[in-house]
Amino acid sequence: MKRGIARYSYINDHRASLDGKTIATARGEGCFLTTLYRALKIDYPRFFKMDNLSKLGFLASELILEGDERRYSRGEEVAIICFNRGSSLESDTRYQATIQEQEDYFPSPSLFVYTLPNIVAAEIAIRNKIHGETAFYLQEHFDARALFERVSEAFEDAGTRAVLAAWIESFDAREAFMTRVEEYDGEPPLFPFSGDTIVKLLNKSRNG
Amino acid sequence: MIAWIGDNIISSLGFTTGENYQAVLAGRSGTRLREYAGLPESFMASLIDRERLESECAGIPAGKESPLEKAAILSATRAATEAGIDLSSPRVQFFFSSTKGNVALLDGLAPGSRREEIYPWHSARIVSRHFGNPNEPVVISNACISGASAQVAALRALEAGRCDHAAVIGAEMLSRFIVSGFQCLKALSPETCRPFDANRTGLNLGEAAATVIYKRASQGDRGIMLARGVTRNDANHISGPSRTGEGCFLALKATLDGIDPGEIAFVNAHGTATPYNDRMEAIALARAGLNNVPVNSLKGYFGHALGAAGVLESIISTRALMEKWVIASKGFETREEEYPLNVTKQGARTGKPYCVKMLSGFGGCNAVLLFKRVDDETGDREI
């Protein structure tokens, strides 16, 4: 079975795109992720409880899955494989501040639960009823070869037909790059799935 | 299928697999009442003896490794010695699993500042570079199933021929960060935990560094094989288990496709001893038709070693499978009538060839591994 990239999305701290085309958003003050949420007309109040890592991954997946007829019905067929550099360190740092001083000690469960990077995969799974494999890998820099290998290996699971593969960073930078990799035997999707294509699509997305 | 060729455990119960396994057979628990400076409440946990760690590491050239990295290096050194492999080889790939790595270093760090040592990939690299290994380690942070995810990644990489040997290391050290978090979730038990007991009172945290060395299986290999590994998501809640055990059930179903439950010696469950986790596993096991198979949990011996648990508990369980023994589930007294399981109260002999390792974690993730003991050359044709 051949594999191809059916769609790809990109978000940084001021711009978002789907398949290389910029998403129109209102110019405004405040957090770009909230601006993008409004622009996409999503009605999912849970979004506002999420940390930035989860918001980034959630919005990247909303872009990629919008309009997909089988979106909520693929169950075990879809795997979510994520990568980043800074783990959940943005939320870790916020949580640490709540226990740092003994006279000001107020650890919060709602903050602590986001101190794991794989929670973003859970948020995407919950939203889309995805029951497939979920995994989070950490690496110093974006590494297209490692992404290609781990995602290819996810298809070794006999149940996997598609993978949402993403680089989602919120600590050292704010950036999400997600691709939807699909198996196909008839009409090919947008692009072949390879390390080179991933690099090309990421660079194209970054340069806007 | 990949073949198990060496292992080691560094934990509260010992610094070799043998020492740990004997402590388990003797029914010892590493959990003790502990206190941390700056933490308002004491807690029960099983901690690695830091003085002993220092003295056992004496032969290893030390740089600026953290205790986590030291324990991982010591564990990998011992596992590789047993396996008889050279970890500097470019054909060896490291797989490193931890949920929080050196998160303890955040303590006292000025907000907004960075220290490279905090990143888990940095810890993994300290370990692989200690051995002179040229490959970038694969670093997995997948909550409490990390140690299973790392073994699944090793299984796939070996089967794809990307490497000849895989060194899978799970390492977790406790800190004020981790303990305070579980305290505020009200998940901790004030006593040694009692997995699957009707009157269980929550979990104990634990520290461990554990290593397994695998190679690709070839005909005629004997001993322990990792046959399959599957992970599935509940798609239900970020921090609570599914009421129907959905992801866990799906992972069991996919992993055990075609396997006769009568051939399974035991299931080593996640068994954290929180009310919800153990109930969820009981539901998933019943749905998968495994409620009569002997079930145990090792958390009463080691506590919950988070990102190291999957590796640590796979080692103890496969040692038991080799010894044809089902380990007693420490702390279990009273059966929960509503969710009946065949929990192992007293150790028992078994001749069956398979054991199943289950793990579940925050983020709704669930993993199931299937191990097989191959006693002779003929036993190994199909899975």
Side-chain angles (χ1 to χ4, degrees), chain A residues 50 54 75-76 79-80 85-89 92-102 105-109 111-140 143 146 149-150 152-154 156-159 171-172, chain B residues 38-40 96 99-101 103 106-109 111-112 114 118-122 124-125 136 138-143 145-146 149 152-153 155-157 159-160 162 176-178 180-186 230-239 246-247 250 254 257 361-365:
Chain A
M50 297 178 194
S54 286
E76 288 177 84
I80 306 169
R85 167 184 164 85
S87 184
S88 54
L89 277 162
D92 294 2
T93 308
R94 287 185 61 206
Y95 176 77
Q96 179 69 39
T98 69
I99 60 165
Q100 194 62 51
E101 306 299 337
Q102 260 175 288
Y105 180 90
F106 57 101
S108 139
L111 201 48
F112 185 67
V113 293
Y114 282 99
T115 63
L116 290 164
N118 65 304
I119 297 302
V120 58
E123 293 288 9
I124 298 168
I126 292 167
R127 163 72 161 165
N128 299 290
K129 301 183 172 62
I130 290 171
H131 290 287
E133 174 168 335
T134 46
F136 210 108
Y137 298 94
L138 306 176
Q139 47 197 215
E140 183 177 14
D143 178 348
E149 288 180 357
R150 300 290 87 71
S152 300
E153 286 165 6
E156 304 278 319
D157 183 314
F171 186 55
D172 288 312
Chain B
L39 208 58
F96 187 84
T99 65
K100 295 312 304 169
V103 75
L106 282 181
D107 214 331
L109 197 65
R114 296 280 190 277
I118 293 174
Y119 297 84
W121 47 262
H122 187 270
R125 205 181 268 175
E136 195 57 39
V138 175
V139 183
I140 291 115
S141 186
N142 217 15
I145 74 163
S146 298
S149 300
V152 171
L155 171 67
R156 292 169 178 174
E159 287 190 334
R162 294 194 211 287
R176 211 153 68 92
F177 185 105
I178 294 175
S180 65
F182 279 88
Q183 280 178 334
C184 79
L185 292 176
K186 310 240 178 289
V230 174
T231 67
R232 289 289 181 270
N233 201 287
D234 290 333
N236 173 66
H237 198 279
I238 59 168
S239 57
E246 197 61 24
L250 291 171
D257 183 32
F362 282 177
C365 48

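Predicted model, so just to flag it, every value in this text is computed and none were measured. Chain A is the first sequence line, chain B the second, and so forth, proteins listed ahead of strands; every chain is numbered from 1. Excluded from the calculations below are hydrogen atoms, water molecules and symmetry mates; all remaining heavy atoms, backbone and side chain alike, are included.
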Any side-chain heavy atom of [X] sitting closer than 4.5 Å to one from [Y]?
X: A/Arg150; Y: B/Val138; result: yes
X: A/Glu149; Y: B/Arg162; result: yes
X: B/Ser180; Y: A/Gln96; result: no
X: A/Thr134; Y: B/Arg232; result: no
X: B/Phe362; Y: A/Asn118; result: no

In Å and rounded to the nearest 0.5 Å, what is the [atom1] to [atom2] distance from [X] to [Y]?
X: B/Tyr119; Y: A/Leu89; atom1: OH; atom2: CG; answer: 6.5 Å
X: B/Asn233; Y: A/Ile130; atom1: CG; atom2: CD1; answer: 9.0 Å
X: A/Ile80; Y: B/Cys365; atom1: CD1; atom2: SG; answer: 11.0 Å

Can you tell me which portion of [X] sits under 4.5 Å from chain B's heavy atoms? Options are side chain, backbone, both or neither.
X: A/Tyr114; result: side chain
X: A/Asp172; result: both
X: A/Phe136; result: both

Point to revise | Lys/Arg N to Asp/Glu carboxylate O, A/Glu133 vs B/Arg156, below 4.0 Å | key: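 Salt bridge: yes.
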Exercise for review: Locate the shortest heavy-atom distance separating A/Ile119 from B/Ile238; write the atom from each residue and the value.
Suggested key: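 Looks like CD1-O, 3.7 Å.
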**Study point:** Geometric class of the B/Phe177/A/Phe112 ring pair [parallel <30°, tilted 30-60°, perpendicular >60°]
**Key:**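 Correct class here is tilted.
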Review point. Is it true that a side-chain atom of B/Lys100 and a backbone atom of A/Thr115 form a donor plus acceptor pair closer than 3.5 Å?
Key: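 Yes, the answer is positive, given that a donor and an acceptor are paired below the 3.5 Å cut-off.
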